[in-house]
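Please read the structure below before turning to the comments.
Atoms within a ligand are numbered from 1 in the order they appear, just like the ligands themselves. In this chain, residues are counted from 1 in sequence order.
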Amino acid sequence: MKYPRVELHCHLDGALPPETFYKLSLAHGIIDKSMDQETWRKQNVIREAMPLVECLKRFDLLVSLLQTKEELIEAAETLGISMYEQGIRLAEIRFAPQKHTEQKMSQENAIEAVLEGMNHVMKKHPDMIMGIIVCMMNCGPEIDNDADNLETVELAIKFKDKGVVGLDLAGAEGANPTESYRALFEKAHQAHVNITIHAGEVCSADVVKCAMSMHAKRIGHGIHGWQDPLVAKEIMDRKIPLEVNVTSNILANTVDSIQDHPIREMVDQGAIVTISTDDPLLCGVTLQDEYDLLKREFQFTEKDLIQFNLNAARASFCEGKESVIDKLEELLESLK
Ligand SMILES: [Zn+2]
């Protein structure tokens, strides 16, 4: 069925369109022309479940390809166009500007570049709504990136009404306690920056509780919140939308098997579930693949999928989302 799709949780590096990934890999001399695009894409898809920390290592190559302004502009632009072609009309793309400063760019340059790419997409397709979420990184106690994270918060504030719609904490959940980022989230909240936090992806329900206490308006993943009925209740009582990425959860080994994924329970109990892809390149999926999996493995219906999109549109931090909300509400109404 045709309706506007909404993607809220998508990492720019892990979501590079295959053709952009191939082109940049060639340009960087990582591969030569004897390698074809599809083989190269497949080689980089995570095939078997592995710990999140191992998955995170897969990002090193991707990030190394995105160290100039031109590369980031191209990444954001081609990703946005590819999303549009897949029927997505409201998209939030996230990235950690501090990962793109290995050469000459500052965090601010990196944000400007991604904004430029995104603006090219919206100019070409005026019915596409996009926004950027900037991520702080949890790199664990061995790497001191406190100053970098503070800079990310300051830039989230500076670019708040200029295309940056939110702030996140990504990386190795639990490597440093999520609690240790409280002051940074407080600073962002004081400046009215929207907050979403990766929580309950690998760690237990108490991290989701912690994230909710740090002004998170949404939770990235949050699936382990369902290990504790009290935390699950709090998520639902507070109507906190969850950005769920089922394939990513399986590949990062955060659930033992697909049957153990709590999404059915979450939806049946009344949680506000949204569906995204997390890292479509690394996970080897599109948003449609995720929808097909939800139908096949969890017996969700087309109507459920429209509801997930409506949940996502309502939960989006982007301005101008009302047109998408209206379309989805009308469609759901017509199916009653
Ligand atoms: Zn993520």
Ring of Y291, cation from R296 - is the NZ or CZ under 6.0 Å from the centre and inside 45° of the axis? no

Using modelled atom types and a 3.5 Å cut-off, is there a donor and acceptor pairing between side-chain atoms of N245 and backbone atoms of D278? yes

Angle subtended at the Zn ion (ligand 1) by H9 NE2 and H11 NE2, rounded to 10 degrees: 100°

Does either side chain, that of E19 or that of T78, offer a donor lying less than 3.5 Å from an acceptor on the other one? no

The Zn ion (ligand 1) to nearest N/O/S of D278 less than 2.8 Å: yes

Tell me whether the Zn ion (ligand 1) has H221 as a neighbour, meaning an N, O or S atom of it below 2.8 Å. no

How about CD on E179, more than 12 heavy atoms from neighbouring residues, nucleotides or ligands closer than 6.0 Å, or not? yes

